K.L.:
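Starting off with a structure, shown below.
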Protein chains: 2
Amino acid sequence: MLERKPSLTDQAKSYIKQRIVNDEFEGGRIPSETVLANELGVSRTTIRDALSRLENEGTVYRRQGSGTYVNNPGLQIKTRLEEIWSYESVLRDHGYTPSTRILTVRTSAADETQAENLRIEVGEEIVTVEKLFLEDQDPVILAVNQVPRKLLSVPFVESDWHQPIYEFLWRHGQQRLGYYLSEIVPVIVDRKIGSALGVDVGQPLISFSEIGFSEENEPILMACSYIRDDLLRLRLIRRRT
Amino acid sequence: MLERKPSLTDQAKSYIKQRIVNDEFEGGRIPSETVLANELGVSRTTIRDALSRLENEGTVYRRQGSGTYVNNPGLQIKTRLEEIWSYESVLRDHGYTPSTRILTVRTSAADETQAENLRIEVGEEIVTVEKLFLEDQDPVILAVNQVPRKLLSVPFVESDWHQPIYEFLWRHGQQRLGYYLSEIVPVIVDRKIGSALGVDVGQPLISFSEIGFSEENEPILMACSYIRDDLLRLRLIRRRT
DNA sequence: TAGTGGTCTAGACCACAAA
DNA sequence: TTGTGGTCTAGACCACTAG
């Protein structure tokens with residue numbers, strides 16, 4: 001029935017998600033875990049893992065004793081905050097065909113904040129890149145990335161920064177980006193941001209101030225992103241824990 | 001060894017978390033799943049569930065073939081966005097002893113937006129409450145809650161709104177709040193918000209615009225919250241999915 | 001009472017990291 | 001090679017919902 005690799009759980013999840021998207025379930029009611037397990041020829045545990053993940057993503061909800069159901073409000077969310085990994089794919093999820101533009105690439109000496117965040121010495125070289133994500137010709141996101149120069153062992157040219165940052169870090173620094181620790185900061189658009197994003201000076205804007213950690217749990221990236229929330233709505237689901 | 005209820009997984013999670021907080025693990029290295037399972041007298045699956053949840057919360061990270069480790073950056077986060085359930089407890093997590101102040105309670109007729117979001121008819125009565133969360137005498141959060149009047153079957157007085165909203169909805173409407181669907185919106189402080197929160201007009205601010213759903217998946221609450229991010233930093237962890 | 005999801009077990013095999 | 005976490009199974013029992 002199913003092959004291993006990708007994992008049975010992943011396949012089960014995709015299978016169920018696809019049927020949800022196709023609206024194949026009468027009244028939003030998803031078959032019982034036992035039925036799904038038999039249908040796919042896997043154990044109930046595997047199905048439960050798949051459903052748990054769909055529940056966490058807000059795709060379904062479960063009621064003990066009753067059943068598992070499609071969660072329509074959750075389906076309408078295009079961008080879930082915790083799941084943003086690259087802005088390119090966020091824009092694609094919104095039905096856009098994004099492009100990127102490199103505004104500047106420069107090298108400078110780390111100040112105290114940067115040194116502390118990136119666990120390097122004050123004065124060490126830092127490469128700063130300003131990158132714009134556009135839908136058609138409309139700028140949607142301005143990202144300012146800062147990477148310690150010493151991590152970038154493989155030579156690069158300006159156009160290399162067009163690739164997603166995690167890919168760039170892997171190819172030019174053998175660094176695997178593991179997760180971001182993000183802080184949400186409200187800002188007022190100044191002239192620089194305004195001209196880059198094409199919004200009026202004085203407007204309020206959401207920004208992410210974040211540190212990217214490698215899979216080895218070392219900070220390898222500082223980033224600050226400014227988002228045109230009129231073009232990209234940021235949503236999340238909050239639950240009791 | 002352990003009793004059931006609360007679940008073995010919950011207990012295992014608390015047990016491990018406690019030992020992490022007490023810094024009992026040499027070099028941040030957590031014992032292997034097998035060792036923990038024997039130690040607590042439960043199956044490895046139970047331990048794995050507990051560790052998975054700690055990993056999702058950013059408390060630990062796992063490396064196949066290597067081991068499970070304490071995630072120090074994650075431990076420093078006091079407020080994780082997806083885990084906000086009541087503002088009271090958020091403030092308590094920050095070491096504050098919060099109080100609340102009810103600014104206004106009024107009833108009005110639902111406009112089109114409200115009617116659509118709450119799945120009621122235009123013109124139906126809506127109760128709107130403005131509530132302030134303070135640390136000492138400093139206002140930190142202004143919340144504007146809107147609830148359909150017809151849900152509130154049990155009589156209430158103004159001071160009843162001091163309790164957390166999920167508790168109020170349960171006591172006065174037999175509604176169990178299940179989750180929020182939130183949108184993050186940047187705003188400029190106007191005179192009303194400024195005077196309530198004690199910040200200057202014209203400053204940028206983060207606001208949550210959200211709909212609360214019952215466990216039966218019906219919208220039962222609209223809310224808009226304004227947060228003084230200088231007093232309350234909003235953070236989250238973003239991972240690859 | 002029948003059927004659903006929630007919890008838990010014991011054990012198997014795999015992929016990967018470190019010695 | 002050894003030990004770790006990752007995946008999966010088959011089956012047990014419980015708690016809850018709904019007819």
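Since the model is a prediction, treat every value here as computed from it, not as a measurement. By convention in this document, chain letters (A, B, ...) are assigned in the order of the sequence lines, proteins followed by strands, and residues within each chain are numbered from 1.
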K.L.:
Find the distance between CD (Glu124(A)) and CD (Gln114(A)) and round it off to the nearest 0.5 Å.
P.N.:
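It comes to 11.5 Å.
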K.L.:
Salt bridge check, Arg238(A) against Glu210(B): does any charged N sit closer than 4.0 Å to a carboxylate O?
P.N.:
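So Glu210(B) pairs with Arg238(A) through a salt bridge.
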K.L.:
Both Asp10(A) and Gln64(A) contact DNA chain D. Taking the nearest nucleotide for each, which residue is further toward the 5' end?
P.N.:
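Whichever sits nearer the 5' end wins; that is Asp10(A).
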K.L.:
Could one point to a donor on the side chain of Arg63(A) or the base of dG6(C) with an acceptor on the other under 3.5 Å away?
P.N.:
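A donor-acceptor contact between them is absent.
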K.L.:
Counting the atoms with a prime plus P, OP1 and OP2 as sugar-phosphate, which does Thr34(A) contact under 4.0 Å by heavy atoms, base, sugar-phosphate, or nothing?
P.N.:
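Answer is nothing: Thr34(A) stays at 4.0 Å or more from every strand.
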K.L.:
Between Leu8(B) (CG) and dC13(D) (P), how many Å, whole number?
P.N.:
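One finds 16 Å between P of dC13(D) and CG of Leu8(B), rounded.
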K.L.:
Before accepting this row, confirm whether a basic side-chain N of the pair Glu33(A)/Arg44(A) lies closer than 4.0 Å to the acidic partner's carboxylate O.
P.N.:
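Arg44(A) and Glu33(A): salt-bridged.
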K.L.:
Rounded off to whole Å, could you give me the CZ-to-P distance for the Arg29(A) and dA18(D) pair?
P.N.:
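Rounded to whole Å, this separation is 9 Å.
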K.L.:
Pairing check on dG19(D): which nucleotide meets the Watson-Crick or G-U wobble criteria with it, both distances under 3.5 Å?
P.N.:
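Result: none.
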K.L.:
Between Ser66(A) and dC16(D), is there a side-chain N or O to OP1/OP2 distance below 4.0 Å?
P.N.:
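So the side-chain polar atoms of Ser66(A) never come under 4.0 Å of the phosphate oxygens OP1 or OP2 of dC16(D).
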K.L.:
Nearest whole Å is fine: how far is dG3(D) C1' from Tyr69(B) OH?
P.N.:
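Rounded to whole Å, this separation is 11 Å.
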K.L.:
Is the phosphate of dT7(C) approached by Thr9(B) (side-chain N or O, under 4.0 Å from OP1 or OP2)?
P.N.:
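False: Thr9(B) side-chain N/O out of range (4.0 Å or more) of dT7(C) OP1/OP2.
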K.L.:
Do the side chains of Arg53(A) and Asp10(A) get close enough for a salt bridge, i.e. N-O under 4.0 angstrom?
P.N.:
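Counted as a salt bridge, because a side-chain N and a carboxylate O are separated by less than 4.0 Å.
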K.L.:
Counting only side-chain nitrogens and oxygens, does Ser43(A) get under 4.0 Å of the OP1 or OP2 atom of dG11(D)?
P.N.:
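Result: no.
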K.L.:
Under 3.5 Å, is there a donor-acceptor pair linking the side chains of Tyr15(A) and Glu39(A)?
P.N.:
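Looking only at side-chain atoms, Glu39(A) and Tyr15(A) do form a donor-acceptor pair, the distance falling under 3.5 Å.
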K.L.:
Answer with yes or no after comparing the ring centroid distance for Tyr180(A) and Phe208(A) against a 6.0 Å cut-off, counting only values under it.
P.N.:
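No, ring centres 6.0 Å or more apart.
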K.L.:
Measure the distance from CZ on Arg62(B) to C1' on dA17(C) and round it to the nearest whole Å.
P.N.:
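The answer, rounded to whole Å, is 16 Å.
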K.L.:
Please work out which residues in residues 45-55 of chain A have a non-hydrogen atom less than 4.0 Å from an atom of DNA chain D and list them by number.
P.N.:
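Contacting residues: Thr45(A), Thr46(A).
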K.L.:
Measure the distance from CD1 on Ile30(A) to C1' on dG3(C) and round it to the nearest whole Å.
P.N.:
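These atoms are roughly 17 Å apart.
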K.L.:
Report the nucleotide, chosen from dT9(D), dG5(D), dG5(C), that has the shortest atom-to-atom distance to any side-chain atom of Arg44(B).
P.N.:
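Of dT9(D), dG5(D), dG5(C), dG5(D) is nearest to the side chain of Arg44(B).
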K.L.:
If I take atom CD in residue Glu33(A) and atom P in nucleotide dA10(D), what distance separates them, rounded to the nearest angstrom?
P.N.:
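After rounding, the reported distance stands at 16 Å.
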K.L.:
How would you list all residue pairs meeting ring pair (Phe, Tyr, Trp, His ring centres under 6.0 Å) that involve residues 46-80 of chain A, not counting sequence neighbours?
P.N.:
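For residues 46-80 of chain A: Tyr61(A)-Tyr69(A).
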